[in-house]
*Asks:* 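Here it is, the structure in full.
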Amino acid sequence: MRTRPRSGRRVVVIGAGPGGLATAMLARAAGAEVTVIERGDRVGGRTAGIEQDGYVFDTGPTFFLYPEILREIFAACGRDLDIEVPMVRLDPMYRLLFEDGRRFDASADMERLKAEVARIDPADAAGVEPYFADNLRKFEAFRPILQKPFQNLGAFADPAMLKSLPMLRPWATVDSDLSRWFKNPLVRLAFSFQSKYLGMSPFKCPSLFTILAHIEYAHGVWHPIGGCNAIPRAMARVLADMGVEVRLSEAVEDMQFEGRRATGVRTAQGTYPADAVVVNADFAHAMKRLVPNRLRRRWTDERIDGKSFSCSTFMLYLGLDTTLPGLAHHTICLSREYDRNIREIEEGKAPTDPSIYVQNASVSDPTLAPPGHSALYVLVPVGNLRAGVDWQALAPSYRSMVLDRLAMFLGHDIRPHIRTERMLTPNDWEEMGIHLGATFNLAHNLGQMLHRRPRNRFEDVDGVYLTGGGTHPGSGLPTIFESARIATKLLARDIGLDASRVPESALAEAAE
Ligand SMILES: Cc1cc2nc3c(=O)[nH]c(=O)nc-3n(C[C@H](O)[C@H](O)[C@H](O)COP(=O)(O)OP(=O)(O)OC[C@H]3O[C@@H](n4cnc5c(N)ncnc54)[C@H](O)[C@@H]3O)c2cc1C
């Protein structure tokens, strides 16, 4: 095991979500004594697994994109991600089903992709190659930006940032950017589905995020065997081998301070002194409870309350006593009334004829259900809790409506095959410690990105670092792992660890 001699420096990580575990791995590799404290009874947070009656479901993430960043993190700890977490690359990556029965298979094979576009609109097929060429340029220009800490406005004076600014097109949204290449709204919809990763509408999502399509098509959509929850489980194994204690079922109740400097955390079991405290818990939820408002200059309770948060999700996890071989691994059933659907989500409502995402991972992964059975994951984007929908009252009828719509999209009713199930509403997400049940954290509009997002070296107090979907660069596993890399690099330098053990992320001196 390539771990550094212990430095005597102590790092405490609050939360064993993907960001917290990745930070713990890197901080340990850089020589720190690391303790991870997790209030849940398992690792993974929103990426944990749900095991029920012989079926395995992912709680949240099901699309694993851009494994390169995590590969580097494992390599920094002397491990090989592809051995620790066997994965398959999916092709087609996913299927879109339109309400009129048409479908679109998103294939990374350019010729097949053009044929799929031509089936919707022959005229738009010519736009496919120029669109991806443009996206590649955008991605290359922005990669260094996403890898920077954005600790202050000086980051914008960095040459890489200045070079990429013209491509940022702040006035454009994903949808309007796509209209440069595609005239048919259904084709644009097919290439804008990725903004859903951020819980955002393509009509509001900044045009920068068309790079997500590049990431999918060029680097693949991956399925870890056992589900995305296999990733945090593997990370916890590596941490155990590195001598890091992950304390489960123990909640951090507050952070301790001397003046403005954090000196450790307290739980019901005791206190944990630290040279650096890393917050992986949901940013808005954790700040309001763990750091006294009087110490927060920028991220006061009032300011947090004024921020815009992502949508939430209504979830069904269904264990079926049958297989569904005709149902793709990932299928997105798109509402005919797409604009209305988005509007209702933004208004905080429970949409009436929603789009539905279904994962039938058993078609590529037999480990998830008993032979002849399947584990179905159903996600419906809905408004977060700000508008006050009474989910407790609504949940049973909403479940029925979702299953009716699924029967319409799939051509048959799966209800007779349900052997076990679990349901999550926005209330349940909130109970898991997610502010407003907003599953994808602070919304990713331009006003809340880069230096305007909570920074990886938390700006309001000393000795606190942020990792995970609520900080820079954003929600989604690759960016979360990037946040871990940035946060650990910063804290390693601040507290005198061996920062060279943290993989490089184009961290420019000018940006700090
Ligand atoms: C339904 C859904 C679908 C998603 N789909 C995808 C996808 O397909 N692809 C993708 O890349 N991303 C997806 N995401 C987004 C993102 O990857 C996950 O949400 C991810 O798990 C967030 O990781 P995180 O590091 O921010 O921490 P979290 O997963 O939020 O974990 C934080 C941890 O902190 C713990 N904690 C909180 N408070 C305390 C406390 N006081 N003391 C101790 N511990 C505490 C929590 O229990 C939790 O375990 C999805 C998210 C959701 C919810």
Side-chain angles (χ1 to χ4, degrees), residues 12-24 35-48 57-67 69-70 94 194 196-199 212 215-216 221-224 227-229 231-232 235-236 246-255 265-268 272 277-290 310-315 317 330 332 357 359 361 377-382 424 426 428-429 431-435 437-442 466-471 474-484 487:
V12 169
V13 181
I14 307 173
L21 295 169
T23 309
T35 306
V36 182
I37 304 178
E38 165 57 51
R39 73 175 205 168
D41 63 1
R42 63 192 64 195
V43 297
R46 290 168 238 197
T47 309
F57 308 92
D58 278 318
T59 307
T62 54
F63 282 69
F64 186 34
L65 305 179
Y66 208 61
I69 300 172
L70 190 58
Y94 48 86
Q194 298 84 4
K196 278 276 170 63
Y197 291 149
L198 306 167
L212 288 171
I215 292 173
E216 276 181 2
V221 170
W222 296 85
H223 171 75
C228 282
N229 66 87
I231 298 171
M235 296 168 91
V246 179
R247 298 180 64 87
L248 297 176
S249 304
E250 184 172 346
V252 171
E253 291 175 358
D254 57 45
M255 230 182 260
V265 305
R266 188 181 58 79
T267 74
Y272 298 84
V277 176
V278 178
V279 180
N280 176 228
D282 183 80
F283 171 76
H285 183 90
M287 279 306 140
K288 285 184 155 200
R289 285 158 185 81
L290 303 183
S310 82
C311 69
S312 187
T313 60
F314 173 86
M315 312 288 304
Y317 309 94
H330 296 299
I332 297 98
Y357 157 59
Q359 191 213 32
Y377 162 123
V378 179
L379 179 158
V380 185
V382 300
L424 290 185
D428 298 303
W429 290 118
E431 269 174 35
M432 287 183 219
I434 297 169
H435 184 64
T439 37
F440 307 95
N441 309 93
L442 278 170
L466 306 181
T467 183
T471 180
S475 175
L477 292 172
T479 42
I480 286 168
F481 294 132
E482 192 57 37
S483 78

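Since we're looking at a predicted model, the values are computed, not measured. In each ligand, atom 1 is the first atom listed, and ligand 1 is the first ligand listed.
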*Asks:* Do Arg46 and Ile434 touch side chain to side chain, with heavy atoms closer than 4.5 Å?
*Replies:*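 Arg46 vs Ile434: side chains touch.
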
*Asks:* So between Gly44, Gly45, Pro61, Ala438, whose heavy atom ends up nearest atom 14 (N) of ligand 1?
*Replies:*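 Considering heavy atoms of Gly44, Gly45, Pro61, Ala438, the nearest to atom 14 (N) of ligand 1 sits in Pro61.
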
*Asks:* Side chain, backbone, both or neither: which applies to Ile480 and ligand 1 if a contact is any heavy-atom pair less than 4.0 Å apart?
*Replies:*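 For Ile480, only side-chain atoms sit under 4.0 Å from ligand 1.
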
*Asks:* Number the atoms of ligand 1 from 1 as they appear, then name those within less than 4.0 Å of a heavy atom of Ile14, with their elements.
*Replies:*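 Close to Ile14: 40 (C), 42 (N), 43 (C).
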
*Asks:* What atoms of ligand 1 come within less than 4.0 Å of a heavy atom belonging to Phe63?
*Replies:*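 Per the distance check, 7 (C), 8 (O), 9 (N), 10 (C), 11 (O).
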
*Asks:* If you count the atoms of ligand 1 from 1 in the order shown, which ones are under 4.0 Å from a heavy atom of Gly15?
*Replies:*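 Once the distances to Gly15 are compared, the set is 33 (C), 34 (O), 35 (C), 44 (N).
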
*Asks:* Which atoms of ligand 1 have any heavy atom of Gly469 under 4.0 Å away?
*Replies:*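 Answer, ordered by atom number: 26 (O).
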
*Asks:* Under a heavy-atom criterion of less than 4.0 Å, does Tyr66 contact ligand 1?
*Replies:*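 Flag not set, Tyr66 not near ligand 1.
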
*Asks:* Going by distance only, is there an N or O of Thr47 that falls short of 3.5 Å from an N or O of ligand 1?
*Replies:*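 Such a contact does occur with ligand 1.
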
*Asks:* Do Ser475 and ligand 1 have an N or O pair less than 3.5 Å apart?
*Replies:*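 No, no N or O pair falls under 3.5 Å.
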
*Asks:* Ligand 1 versus Tyr377, non-hydrogen atoms closer than 4.0 Å: side chain, backbone, both, neither?
*Replies:*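 Side chain only.
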
*Asks:* Applying a strict 4.0 Å limit to heavy atoms, is Pro18 in contact with ligand 1?
*Replies:*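 In this structure, Pro18 qualifies as a contact of ligand 1 - some heavy atom is under 4.0 Å.
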
*Asks:* Does only the side chain of Phe440 get under 4.0 Å from ligand 1, or the backbone, or both, or neither? Count heavy atoms.
*Replies:*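 Side chain only; the backbone of Phe440 stays clear of ligand 1.
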
*Asks:* Decide whether an N or O pair under 3.5 Å exists between Val252 and ligand 1.
*Replies:*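 In this structure, Val252 places an N or O atom under 3.5 Å from an N or O of ligand 1.
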
*Asks:* Run the contact test for Trp429 against ligand 1 with a 4.0 Å cut-off on heavy atoms, strictly below, and give the result.
*Replies:*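 Checking ligand 1 against Trp429, which is what was asked, there is a heavy-atom contact under 4.0 Å.
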
*Asks:* Which ligand 1 atoms does Leu477 reach within 4.0 Å, using its non-hydrogen atoms?
*Replies:*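 In order of number, 10 (C), 11 (O), 12 (N), 17 (O).
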
*Asks:* Answer side chain, backbone, both or neither: which part of Leu379 comes under 4.0 Å from ligand 1, heavy atoms only.
*Replies:*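 Side chain only.
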
*Asks:* Ligand 1 and Pro478, any nitrogen or oxygen pair closer than 3.5 angstrom?
*Replies:*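 Between Pro478 and ligand 1, no N or O pair is found under 3.5 Å apart.
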
*Asks:* Within the structure, does Arg46 bring an N/O atom to less than 3.5 angstrom of an N/O atom in ligand 1?
*Replies:*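 For ligand 1, there is an N or O atom that lies under 3.5 Å from one belonging to Arg46.
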
*Asks:* Is there a polar contact, in the sense of an N or O pair closer than 3.5 Å, between Glu250 and ligand 1?
*Replies:*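 No; every N/O pair is 3.5 Å or more apart.
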
*Asks:* Judged by atom type as modelled, is there a donor-acceptor pair below 3.5 Å linking the side chain of Tyr357 to the main-chain atoms of His330?
*Replies:*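 Not confirmed, Tyr357 side chain does not pair with His330 backbone.
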
*Asks:* Any nitrogen or oxygen of Met315 lying under 3.5 Å from a nitrogen or oxygen in ligand 1? Just yes or no.
*Replies:*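 Such a contact does not occur with ligand 1.
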
*Asks:* Does Ala251 come within less than 4.0 Å of ligand 1, judged by its heavy atoms?
*Replies:*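 Yes, that is the case, since the closest heavy atom of the residue is under 4.0 Å from the ligand.
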
*Asks:* Less than 3.5 Å between some nitrogen or oxygen of Gly470 and one of ligand 1, yes or no?
*Replies:*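 The answer is no, given that Gly470 and ligand 1 share no N or O pair closer than 3.5 Å.
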
*Asks:* Compute the minimum heavy-atom distance from Ala484 to ligand 1 and say whether it is under 4.0 Å.
*Replies:*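 The answer is no: ligand 1 sits nowhere under 4.0 Å from a heavy atom of Ala484.
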
*Asks:* I need the minimum non-hydrogen distance between Glu216 and Leu65, along with the two atoms involved.
*Replies:*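 What the structure gives for the nearest pair is CG-CD2, 4.0 Å.
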
*Asks:* Taking the non-hydrogen atoms of Ile37, is any one of them nearer than 4.0 angstrom to ligand 1?
*Replies:*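 Flag set, Ile37 near ligand 1.
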
*Asks:* Would one find an N or O of Thr439, backbone or side chain, under 3.5 Å from an N or O of ligand 1?
*Replies:*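 The answer is no, given that Thr439 and ligand 1 share no N or O pair closer than 3.5 Å.
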
